[in-house]
Amino acid sequence: MSEYPLIADHGLIGDLQTSALVSTDGTIDWFCSPRFDSPSIFGSLLDEERGGHFSARPRADAFDAKQLYFPDTAILVTRFLTEEGVGELVDFMPVARGGAHEAHRLVRLIRCVRGRIEFDIEVAPRFDYGRTPHTLTVLEDGATFEAGDTTLTMSLIRDPGDERLARAEQTGDGDVRASVVLTQGQERGVVLETGTHEPPRAVAVAEARELFDGTARFWQDWISYSAYSGRWREEVERSAITLKLMTYAPTGGLVAAPTAGLPEQVGGERNWDYRYTWVRDSSFSVNTLVKLGFRDEAVAFGRWLRDRVMEADGSPTGPLNIMYRIDGDPNLSEEIVEGWEGYRGSYPVRIGNGAAGQLQLDIYGEALDALYHADLAGIEFGQQGWLAICRLLDWLVDNWDQPDEGIWETRGGRKAFTYGRLMCWVAFDRALRLAARWGRPAPVDRWRTERDAIYTQIMERGWDAERRAFVQQYGEPILDASLLKMVQVGFISAHDPQWHDTMTAMGAELVSDSLVYRYDPAASPDGLRGSEGTFSLCTFLYVDALAREGRLDEARLTFEQMLTYANHLGLFAEEIAPTGEQLGNFPQAFTHLALIDAAMILNERLDEAASR
């Protein structure tokens with residue numbers, strides 16, 4: 001099997017319409033264009049031989065690599081230290097302004113900081129997941145790769161009259177290889193452009209630096225709006241920048257992750273495509289971003305969500321789909337990329353997502369909770385929006401009391417999941433609050449009746465008297481970390497004896513050295529083979545629950561320990577293996593949202609305790 005970097009050995013760059021992963025050895029091994037959910041151009045992270053890559057690394061036999069973000073930005077700097085010299089590879093994507101664009105730029109600046117250093121460069125695209133062959137045209141100032149209607153232009157960064165420091169050659173596979181020798185102070189590089197039919201040109205070093213300065217200013221100006229000044233500010237703001245990177249600016253949609261096919265278990269089949277917008281993730285993001293001070297992003301997410309509610313163009317399972325493409329398209333048919341071996345043999349590689357048509361009742365509560373908090377923040381939805389909410393609730397009145405696939409998108413059949421009922425309670429509760437807040441006409445008596453019926457049902461059937469805990473599904477003594485949200489949404493008091501017993505049970509069964517499993521697949525079969533790691537989202541939910549219960553020392557220690565599992569840039573994948581290895585799609589929006597929420601509530605409770 002081919003050699004693959006660790007999932008955690010990557011940084012993320014992007015332009016708010018698409019993104020790329022850059023490994024610590026200087027390889028871009030995942031890049032899709034023109035959108036997050038477009039076919040890949042570089043995809044060697046999922047098949048080292050067939051996926052395509054853009055590598056830039058020292059020729060030296062041995063070197064150390066260090067990676068960091070330029071302060072308060074999404075500009076990635078990879079430093080290479082060799083015996084002869086020190087070099088830097090600076091990767092960024094100038095932010096795409098306005099609406100959706102076909103053209104996107106990826107800039108790779110290569111400079112020598114000290115001594116002398118030689119870089120080997122290889123540009124080897126494989127279009128459409130390697131399924132579409134390409135032709136290559138090499139010119140004096142770069143090269144053009146063409147595959148069907150897709151064009152990738154490579155322009156060299158150098159000043160007119162500069163000495164030719166690079167030697168380039170075309171390979172038999174239609175790729176470009178080059179080497180460049182730099183001495184202290186010299187700077188060269190490459191600008192990749194997709195979606196343009198202009199020929200390659202020499203890009204002056206000063207122009208490349210202007211692109212760098214403009215990109216840095218954008219990110220530094222953006223993060224300056226953060227209202228957070230508490231503990232763990234650096235981690236919170238890095239998470240905020242990461243969430244911004246995963247935002248499709250033309251619609252405001254937030255992708256769950258910018259990757260597809262990264263496994264929850266190496267060699268297993270739990271390999272999903274996360275390059276879409278989940279109603280659940282976007283809903284949680286609204287409240288988080290409002291609290292951080294990023295009102296424009298909250299407004300954009302709120303509008304995206306409002307549009308889906310008003311369209312009510314879901315599937316046969318209900319008026320809302322659980323996920324959509326970033327432009328709001330509900331069609332996400334799932335297919336397998338034949339011939340790709342998957343990350344470290346984790347086959348199959350799936351694109352699209354077959355869970356899109358599932359019934360997951362919790363999304364209605366998350367959507368209404370987001371709209372409620374958006375309203376509190378002054379983000380109005382108007383009369384037509386209110387009528388759309390009423391139509392959603394009309395459907396929910398008749399449909400909440402049925403089995404569903406649940407928050408974890410199990411493929412083992414529908415069950416009476418407690419979390420789905422909990423969030424249906426939230427949907428009715430928030431709708432009632434909105435009606436009262438604005439005096440809107442609504443069947444409030446009916447909504448109140450359904451809300452109270454759900455509450456009674458959860459207390460009677462979601463509580464397992466023998467386990468002394470709220471359980472995953474009715475009639476089964478299985479614990480589920482999603483129920484850590486019960487206190488956060490106001491269903492039960494953090495100091496209620498039933499909640500105390502539930503936390504005790506979860507701590508004993510789902511928590512392992514401060515890390516939290518979402519549930520036990522052996523006790524609750526989900527229709528898939530293999531196991532999984534601890535779920536990073538759930539660990540941060542556990543911190544939140546501990547803080548609300550007043551167990552501040554435990555909460556703080558758990559949070560601090562969890563931060564040690566971040567990668568060198570502060571990024572988290574979906575899961576963490578028992579070895580500490582990051583698993584699953586990377587980076588994951590849900591995890592970074594939960595990190596911000598946990599940091600904010602823990603900081604608030606620590607301040608309250610200190611003032612007493």
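Only this structure's heavy atoms are used, side chains among them; waters, hydrogens and symmetry mates stay out.
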Participant: Please check if the side chain of Thr27 supplies one atom and the backbone of Asp29 the other of a donor-acceptor pair under 3.5 Å.
Facilitator: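 Answer holds: no.
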Participant: If only side-chain N and O atoms count, and only distance matters, is there a donor-acceptor pair under 3.5 Å linking Tyr4 with Glu341?
Facilitator: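 Side chains of Glu341 and Tyr4: pair found under 3.5 Å.
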Participant: Within the structure provided, determine whether Arg275 and Asn353 are in side-chain contact (heavy-atom separation under 4.5 Å).
Facilitator: no
Participant: My understanding is that only one of Arg57, Gln67, Lys66 makes a side-chain hydrogen bond (donor to acceptor under 3.5 Å, both in side chains) with Thr78; could you say which?
Facilitator: Gln67
Participant: Looking at every non-hydrogen atom in both residues, tell me the closest pair between Tyr347 and Val337 and how far apart they are.
Facilitator: CE1-O, 4.5 Å
Participant: Below 6.0 angstrom between ring centroids: does that apply to Phe540 and Phe559?
Facilitator: yes
Participant: Report yes if the distance between the aromatic ring centroids of Trp278 and Tyr324 is under 6.0 Å, otherwise no.
Facilitator: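 Centroid separation for Trp278 and Tyr324: 6.0 Å or greater.
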Participant: Ring centres under 6.0 Å, that's the criterion: do Phe70 and Phe92 meet it?
Facilitator: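 No, they do not, as the ring centres are separated by 6.0 Å or more.
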Participant: With a 4.5 Å cut-off on side-chain heavy atoms, are Tyr129 and Trp340 touching?
Facilitator: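 With C-beta onward as the side chain, the pair touches.
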Participant: Quick one: closest heavy-atom pair of His592 and Pro587, and the distance?
Facilitator: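 Closest approach of His592 to Pro587, heavy atoms only: NE2-CB, 4.1 Å.
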Participant: More than 12 heavy atoms of other residues, nucleotides or ligands under 6.0 Å from CG of Asp149: is that the case?
Facilitator: no
Participant: When you check the side-chain N and O atoms of Thr194 and Ser33, is any donor under 3.5 Å from an acceptor?
Facilitator: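 Yes, a side-chain donor-acceptor pair sits under 3.5 Å.
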Participant: Give me the atom names and distance for the closest heavy-atom approach of Trp219 to Gly14.
Facilitator: CZ2-O, 4.4 Å
Participant: Would you check, one step at a time, whether the test side-chain hydrogen bond (donor to acceptor under 3.5 Å, both in side chains) holds for Ser179 with Asp120?
Facilitator: CA-CA 4 Å; Ser179 62; Asp120 284 334; 4.7 Å; no
Participant: CG/Leu182 to CZ/Arg188 distance, rounded to the nearest 0.5 angstrom?
Facilitator: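 The CG atom of Leu182 sits 7.0 Å away from the CZ atom of Arg188.
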Participant: With salt bridge (charged side-chain N to carboxylate O under 4.0 Å, His left out) as the criterion, how do Glu409 and Arg270 come out once you've worked through the C-alpha distance, each side chain's angles and the decisive distance to 0.1 Å?
Facilitator: CA-CA 11 Å; Glu409 298 175 7; Arg270 300 168 186 263; over 6 Å; no
Participant: With side-chain contact (heavy atoms from CB on, under 4.5 Å) as the test, pick out the partner of Tyr69 among Ile75, Val77, Leu12, Thr242.
Facilitator: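 Exactly one option meets the side-chain contact (heavy atoms from CB on, under 4.5 Å) with Tyr69, and it is Leu12.
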Participant: Verify the distance criterion only: is there a donor paired with an acceptor across the side chains of Asn271 and Ser346 at less than 3.5 Å?
Facilitator: no
Participant: Where is the tightest heavy-atom contact between Ala147 and Pro133, given as atom of each residue plus distance?
Facilitator: CB-O, 3.5 Å
Participant: Can you give me the closest heavy-atom contact between Asn567 and His10, atom names plus distance?
Facilitator: ND2-O, 3.0 Å
Participant: Side chains of Leu81 and Phe63: does their closest heavy-atom pair fall under 4.5 Å?
Facilitator: no
Participant: Please evaluate residues Trp304 and Tyr248 with respect to the criterion ring-ring contact (aromatic ring centres under 6.0 Å, His included), reporting the C-alpha separation (whole Å), side-chain torsions for both, the decisive distance (0.1 Å), and the verdict.
Facilitator: CA-CA 11 Å; Trp304 183 93; Tyr248 184 65; over 10 Å; no
Participant: Should Asp327 and Arg35 count as an ion pair when the cut-off is N to O under 4.0 Å?
Facilitator: yes
Participant: Is the closest side-chain heavy-atom distance between Glu264 and Trp272 below 4.5 Å?
Facilitator: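 A side-chain contact exists here, since the closest heavy-atom pair is under 4.5 Å.
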Participant: Does atom CG (Asp221) have a neighbourhood of more than 12 heavy atoms from anything else shown, all under 6.0 Å?
Facilitator: yes
Participant: Taking CD in Gln220 as the centre, count heavy atoms belonging to other residues, nucleotides or ligands within less than 6.0 Å. Is the count above 12?
Facilitator: yes
Participant: Within a reach of under 6.0 Å around CD of Gln561, are more than 12 heavy atoms found that belong to other residues, nucleotides or ligands?
Facilitator: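 Correct, the count exceeds 12.
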Participant: How many angstroms lie between atom CZ of Arg126 and atom OG of Ser44, to the nearest 0.5 angstrom?
Facilitator: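 Here the rounded value is 10.0 Å.
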Participant: Can you name the closest pair of heavy atoms from Phe145 and Leu136 and give their distance?
Facilitator: CE2-CD1, 3.5 Å
Participant: Take Ser19 and Met246, measure what side chain to side chain contact (heavy atoms under 4.5 Å, CB included) needs, and give me the verdict at the end.
Facilitator: CA-CA 8 Å; Ser19 63; Met246 290 189 275; over 6 Å; no
Participant: Start with the C-alpha gap between Glu193 and Thr153, add the side-chain angles, then the distance that decides, and say whether side-chain hydrogen bond (donor to acceptor under 3.5 Å, both in side chains) holds.
Facilitator: CA-CA 5 Å; Glu193 293 186 79; Thr153 302; over 6 Å; no
Participant: Looking at Asp175, Val138, Val176, which one forms a side-chain contact (heavy atoms from CB on, under 4.5 Å) with Gln170?
Facilitator: Val138
Participant: Under 4.0 Å between a side-chain nitrogen and a carboxylate oxygen: does that hold for Arg201 and Glu207?
Facilitator: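 Glu207 and Arg201: salt-bridged.
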Participant: Going from OG1 on Thr73 to CZ on Arg238, what distance comes out if it is rounded to the nearest 0.5 angstrom?
Facilitator: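 With rounding to 0.5 Å, OG1 (Thr73) is 6.5 Å from CZ (Arg238).
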Participant: When you measure from the centre of the six-membered ring of Phe54, is the NZ or CZ of Arg108 under 6.0 Å away and within 45° of the axis?
Facilitator: yes
Participant: As an exercise, state the distance from CD1 of Ile241 to CD1 of Ile223, rounded to the nearest 0.5 Å.
Facilitator: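 Rounded to the nearest 0.5 Å, the CD1-CD1 separation comes out at 4.5 Å.
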Participant: Does the side chain of Ile576 reach to within under 4.5 Å of the side chain of Met562, using non-hydrogen atoms?
Facilitator: yes
Participant: Give the C-alpha distance, both sets of side-chain angles, the deciding distance and a yes or no for side-chain hydrogen bond (donor to acceptor under 3.5 Å, both in side chains) between Glu560 and Trp232.
Facilitator: CA-CA 9 Å; Glu560 295 281 6; Trp232 311 290; 2.9 Å; yes
Participant: Starting from the C-alpha separation in whole Å, work towards a yes-or-no answer on side chain to side chain contact (heavy atoms under 4.5 Å, CB included) for Ile157 and Val205.
Facilitator: CA-CA 6 Å; Ile157 297 174; Val205 172; 4.1 Å; yes
Participant: Salt-bridged, Arg350 to Asp273, with N to O below 4.0 Å?
Facilitator: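 Asp273 and Arg350: not salt-bridged.
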Participant: Taking the side chain as everything from C-beta on, heavy atoms only, tell me whether Val190 gets closer than 4.5 Å to Leu156.
Facilitator: yes
Participant: Calculate, to the nearest 0.5 Å, the distance between atoms OG and CH2 belonging to Ser224 and Trp222 respectively.
Facilitator: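 The CH2 atom of Trp222 is 10.0 Å from OG of Ser224, to the nearest 0.5 Å.
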Participant: State yes or no: are the ring centers of His134 and Phe127 separated by less than 6.0 Å?
Facilitator: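 For His134 and Phe127, the ring centres are under 6.0 Å apart.
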Participant: Determine, stepwise, if the pair Asp173 / Thr171 fulfils side-chain hydrogen bond (donor to acceptor under 3.5 Å, both in side chains).
Facilitator: CA-CA 5 Å; Asp173 294 327; Thr171 72; 4.9 Å; no
Participant: Are side-chain heavy atoms of Leu16 and Phe218 found at a separation under 4.5 Å?
Facilitator: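 Yes, close enough: below the 4.5 Å cut-off.
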Participant: Between Glu187 and Arg209, is the closest basic N to carboxylate O distance under 4.0 Å?
Facilitator: yes
Participant: State whether Glu297 and Lys244 are salt-bridged, where the test is any N-O pair (Lys NZ or Arg NE/NH1/NH2 against Asp/Glu carboxylate O) under 4.0 Å.
Facilitator: yes
Participant: Give a yes or no on whether Glu237 atom CD has more than 12 heavy-atom contacts from other residues, nucleotides or ligands under 6.0 Å away.
Facilitator: yes
Participant: Go through the steps for Phe572 and Tyr565 under the test ring-ring contact (aromatic ring centres under 6.0 Å, His included), then give the verdict.
Facilitator: CA-CA 8 Å; Phe572 283 92; Tyr565 291 98; 8.3 Å; no
Participant: Taking NZ, NE, NH1 and NH2 as the nitrogens, is one of them in Glu83 or Arg114 under 4.0 Å from a carboxylate oxygen of the other?
Facilitator: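 Looking at Arg114 together with Glu83, the answer is no, because their closest N to O distance does not fall below 4.0 Å.
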Participant: Going by heavy atoms in the side chains, are Leu569 and Leu76 under 4.5 Å from each other?
Facilitator: yes
Participant: Before accepting this row, confirm whether a basic side-chain N of the pair Asp141/Arg158 lies closer than 4.0 Å to the acidic partner's carboxylate O.
Facilitator: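 Looking at Asp141 and Arg158, the cut-off is met.
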